Amino acid sequence: MEAPCQKIVWDVLPAIRAAIAVELVRCGVSQVEASRMLEIAPSAVSQYLSGKRGYRIEFENDVKQSIELLAQDLRDGKRVNLVKRTCDICHQLRDGGENQCGGSSEIPPKERCGS
């Protein structure tokens, strides 16, 4: 049995990081610079871009927009609390009722995702 927090750690967070990395590179940021901004290894960014990592979830428009805004803030050099903003995106995904965090749809999203 997979716990909801396992789903978040193995699928949701890598998918969020992958989407941010893809957006940064799409906007002209180098892979090395994206890795510095995201505080991850350059090899992780490469794997995100190639689809070897973080590819299991497709996000809806509101979550995509939040990811794009975070990537823009990072690219623009704004001081960003990356952990908080990533958590906010994860909460947004869970609060949206999308059943991507695991569990059945009868369980409220926050409970389903372990919060």
Side-chain angles (χ1 to χ4, degrees):
M1 178 172 136
E2 186 177 77
C5 52
Q6 286 175 293
K7 181 77 170 168
I8 291 169
V9 169
W10 287 100
D11 295 334
V12 177
L13 293 177
I16 292 170
R17 286 189 195 113
I20 297 167
V22 166
E23 184 64 21
L24 285 169
V25 172
R26 187 186 71 75
C27 293
V29 174
S30 73
Q31 290 185 33
V32 171
E33 186 64 13
S35 72
R36 187 193 63 74
M37 291 175 177
L38 295 173
E39 302 173 9
I40 58 177
S43 58
V45 172
S46 177
Q47 290 175 340
Y48 289 145
L49 296 174
S50 69
K52 292 180 181 177
R53 197 188 233 193
Y55 60 87
R56 296 181 182 172
I57 296 176
E58 292 263 341
F59 299 115
E60 297 298 321
N61 290 334
D62 58 336
V63 174
K64 281 183 186 178
Q65 185 176 21
S66 295
I67 288 168
E68 289 169 5
L69 288 172
L70 174 53
Q72 181 178 355
D73 288 348
L74 288 168
R75 188 191 66 214
D76 292 345
K78 293 184 180 176
R79 287 187 68 108
V80 171
N81 182 333
L82 187 59
V83 172
K84 181 181 180 332
R85 294 278 296 269
T86 302
C87 286
D88 290 346
I89 292 169
C90 184
H91 280 282
Q92 182 182 10
L93 176 68
R94 295 171 357 195
D95 291 343
E98 297 173 40
N99 196 16
Q100 296 174 335
C101 297
S104 70
S105 58
E106 293 83 34
I107 300 171
K110 285 197 174 199
E111 288 178 35
R112 189 169 62 225
C113 298
S115 47

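All values reported here derive from a predicted model rather than from experimental measurement.
- Residue pairs meeting the side chain to side chain donor-acceptor pair (under 3.5 Å) criterion with at least one partner in residues 19-30, sequence neighbours excluded, are Glu23-Arg26.
- In this structure, Ala15 and Phe59 approach most closely via the heavy-atom pair O-CE1, 3.5 Å.
- Between Ile20 and Leu24 there is a side-chain heavy-atom pair separated by less than 4.5 Å.
- Leu38 and Tyr55 are members of different hydrophobic clusters when ILVMFWY side chains are connected at heavy-atom separations under 4.5 Å.
- Note on Ile40 and Ile57: same hydrophobic cluster, where clusters join Ile, Leu, Val, Met, Phe, Trp and Tyr whose side-chain heavy atoms are under 4.5 Å apart, directly or indirectly.
- Under the rule for a side chain to side chain donor-acceptor pair (under 3.5 Å), the partners of Ser66 that lie at least two apart in sequence or sit in another chain are Gln92.
- Every residue meeting the side-chain contact (heavy atoms from CB on, under 4.5 Å) condition with Val80, not counting sequence neighbours, appears here in chain and number order: Leu70, Asp73, Leu74, Lys78, Arg85.
- Few gaps surround CD on Gln6; more than 12 heavy atoms of other groups in view lie less than 6.0 Å from it.
- Taking every heavy atom of both residues into account, Ala18 and Gly54 meet most closely at CB-O, 3.6 Å.
- Atoms CD1 and CG, from Ile8 and Leu93 in turn, are 9.0 Å apart once rounded to the nearest 0.5 Å.
- Side-chain contact check for Ile16 versus Val63: every heavy-atom pair is 4.5 Å or farther apart.
- Atom SG of residue Cys27 and atom CG of residue Asp76 lie 9.0 Å apart, to the nearest 0.5 angstrom.
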Below 3.5 Å, can you tabulate the donor-acceptor pairs from side chains in residues 43-52 to any protein atom, sequence neighbours excluded?
unit_1: Gln47; atom_1: OE1; unit_2: Arg53; atom_2: NE; d: 3.2
unit_1: Ser50; atom_1: OG; unit_2: Ser46; atom_2: O; d: 3.2
unit_1: Ser50; atom_1: OG; unit_2: Gln47; atom_2: O; d: 3.2

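- Closest approach of Ala34 and Val29 over heavy atoms only: N-CG1, 3.6 Å.
- Not counting sequence neighbours, Glu68 has no partner by the side chain to side chain donor-acceptor pair (under 3.5 Å) test.
- For Asn61, the side-chain contact (heavy atoms from CB on, under 4.5 Å) test picks out Lys64, with sequence neighbours left out.
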